[in-house]
Amino acid sequence: MIKACIFDLDGTLANTLESMAYVANEILKSMNLKPQPVENFKYYSGEGADMLIHRCLKDAGDPELTHYEEVRRIYRKKFDEDPLYKVVPYEGIKEMLKELKKRGMRLAVCSNKPHVAAVKVIEKMFDGYFDLVIGQSDSIRRKPAPDGPLKAASEFGVSPSECMYVGDTKTDMETGTAAKMHTVGVLWGFRDREELESNGAEKVAEKPQDLLYICEEWKND
């Protein structure tokens, strides 16, 4: 039986693509580097802000990453100040979360977004929905390390096998697998079915409501 659901944030609960692209491109322009198409950020993201900056700079005309430390510092500062710019929850997410809570499910967020920014986004957009939010910090290794999901399971008093880890990227599927949790990939986020299934997704959800059915399936197995 599934007793807890642990969710990725960017590309799973909320569409943060415009937000990441806007902040990064404003910084690039200020340094006379080439702004990148919004769609590129689907592939820059997924492994934390530092890797996003690394990938973005290489495409923007800084293959030697000479601006890396400066861009990294400014990017983090801007997101700590306002992580909500152009961020919107995906359609149907709140309704799905409400139903899971009605069924007694414990809910957590585990994100590679810096912890302060992750907490701000959840408090503003999903206040009261989640029991726990875990973002990237010095004490939690970046996904795909399983530290965050395992911390959530421990705090909820459930075993990893009683948890469902939900995300939209290869990194998320690797994270759930490393934590020995059930893995569900979602198709409304940043990556496709092939990437999710080839990296360990046990199930794939096409819309948020599908997560309710998947919970039921595993309950009855």
Side-chain angles (χ1 to χ4, degrees), residues 2 4-25 37-46 52 79 82-113 117-135 143 148-149 152 163-173 175-176 181-197 199 201-219:
I2 302 298
C5 289
I6 303 167
F7 291 85
D8 169 55
L9 175 50
D10 295 352
T12 300
L13 296 172
N15 188 345
T16 57
L17 203 61
E18 290 275 357
S19 174
M20 292 184 289
Y22 174 80
V23 171
N25 282 333
V38 173
E39 282 294 300
N40 284 21
F41 287 83
K42 287 184 176 181
Y43 303 96
Y44 297 156
S45 67
L52 181 146
F79 264 108
D82 182 16
L84 291 158
Y85 181 76
K86 290 194 173 185
V87 175
V88 293
Y90 285 107
E91 185 177 350
I93 287 289
K94 289 186 175 181
E95 293 78 6
M96 175 270 296
L97 293 172
K98 284 179 185 175
E99 183 58 34
L100 287 176
K101 285 186 76 70
K102 268 202 266 183
R103 298 180 185 188
M105 197 76 65
R106 303 299 302 277
L107 302 179
V109 173
C110 180
S111 174
N112 271 344
K113 189 184 286 295
V119 169
K120 283 183 180 179
V121 171
I122 295 302
E123 286 182 346
K124 182 70 174 179
M125 307 192 76
F126 299 101
D127 189 36
Y129 286 82
F130 289 95
D131 304 297
L132 181 65
V133 179
I134 302 170
K143 297 184 295 182
C163 297
M164 184 166 84
Y165 188 86
V166 182
D168 70 307
T169 69
K170 165 188 174 180
T171 299
D172 291 312
M173 299 305 98
T175 302
M181 295 178 176
H182 293 285
T183 53
V184 181
V186 305
L187 295 182
W188 55 83
F190 298 162
R191 307 290 174 81
D192 59 22
R193 180 185 292 271
E194 181 181 358
E195 174 175 319
L196 296 168
E197 289 183 338
N199 286 283
E202 293 177 64
K203 305 274 188 181
V204 174
E206 295 185 356
K207 55 188 183 299
Q209 188 77 9
D210 291 347
L211 296 175
L212 303 175
Y213 307 137
I214 290 169
C215 278
E216 285 299 312
E217 284 179 30
W218 275 324
K219 177 181 176 181

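We number each residue from 1, following the sequence as shown.
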So, Glu91 and Lys207, do they make that salt bridge, N to O below 4.0 Å? no
Counting only pairs under 3.5 Å, give me each side-chain donor-acceptor contact of residues 120-132, with atom names and distances, residues two or more places apart or in other chains.
unit_1, atom_1, unit_2, atom_2, d
Lys120, NZ, Asp80, O, 2.2
Asp131, OD2, Arg106, NE, 3.4
Asp131, OD2, Leu107, N, 2.8

Distance (rounded to the nearest 0.5 Å) between Leu212 CG and Cys5 SG: 9.0 Å
Kindly write out the residues that satisfy side-chain hydrogen bond (donor to acceptor under 3.5 Å, both in side chains) with Lys170, not counting sequence neighbours, or none if the list is empty. none
Determine the minimum heavy-atom distance between Thr175 and Pro149, stating which atoms define it. CG2-CG, 3.6 Å
Sequence-distant partners of Tyr85, ring-ring contact (aromatic ring centres under 6.0 Å, His included), two or more places apart: Tyr22
Between Glu99 and Lys102, does at least one N-O distance fall below 4.0 Å, as a salt bridge requires? yes
Could I get the full list of salt bridge (Lys or Arg N to Asp or Glu O under 4.0 Å) partners for Glu197, not counting sequence neighbours? Arg193
Step by step, work out the side chain to side chain contact (heavy atoms under 4.5 Å, CB included) result for Thr169 and Tyr43. CA-CA 9 Å; Thr169 69; Tyr43 303 96; over 6 Å; no
Say whether, by atom type as modelled, one donor and one acceptor occur between the side chain of Thr183 and the main chain of Glu202 under 3.5 angstrom. yes
Dump the intermediate steps for side chain to side chain contact (heavy atoms under 4.5 Å, CB included) on Leu211 and Val166, then the final yes or no. CA-CA 9 Å; Leu211 296 175; Val166 182; 4.1 Å; yes
Minimal non-hydrogen separation, Val186 against Gly11, with atom names: CG2-O, 4.0 Å
Nearest heavy-atom contact between Ser111 and Lys113 is OG-N, 2.8 Å
Please enumerate all residues that pass salt bridge (Lys or Arg N to Asp or Glu O under 4.0 Å) together with Asp172, with sequence neighbours excluded. Lys143
Please name the pair of heavy atoms, one in Met173 and one in Val184, separated by the smallest distance, quoted to 0.1 Å. CE-O, 3.4 Å
Go through Trp218 and His182 one step at a time and tell me if the side chain to side chain contact (heavy atoms under 4.5 Å, CB included) criterion holds. CA-CA 9 Å; Trp218 275 324; His182 293 285; 3.6 Å; yes
List the atom of Phe41, the atom of Met20, and the distance in Å for their closest heavy-atom pair. CE2-O, 3.9 Å
Nearest 0.5 Å, please: how far is CG in Leu196 from NZ in Lys203? 15.0 Å
Would you name the heavy atoms of Ile214 and Met164 that are closest together and state the gap between them? CG2-SD, 4.0 Å
Distance (rounded to the nearest 0.5 Å) between Asn199 CG and Thr171 OG1: 8.5 Å
Could you tell me which residues satisfy ring-ring contact (aromatic ring centres under 6.0 Å, His included) with Phe190, sequence neighbours excluded, listed by chain and number? none
Say you draw a straight line from CG of Leu9 to SG of Cys110; how long is it, rounded to the nearest 0.5 Å? 10.5 Å
Taking the side chain as every heavy atom from C-beta outward, state whether Val109 and Leu13 have any pair of such atoms under 4.5 Å apart. yes
Find the distance between SG (Cys163) and CD1 (Ile6) and round it off to the nearest 0.5 Å. 4.5 Å
Can you measure from SG (Cys215) to CG (Asp210) and round to the nearest 0.5 angstrom? 11.5 Å
Check: Thr12/Asp168 side-chain N/O donor and acceptor closer than 3.5 Å: yes
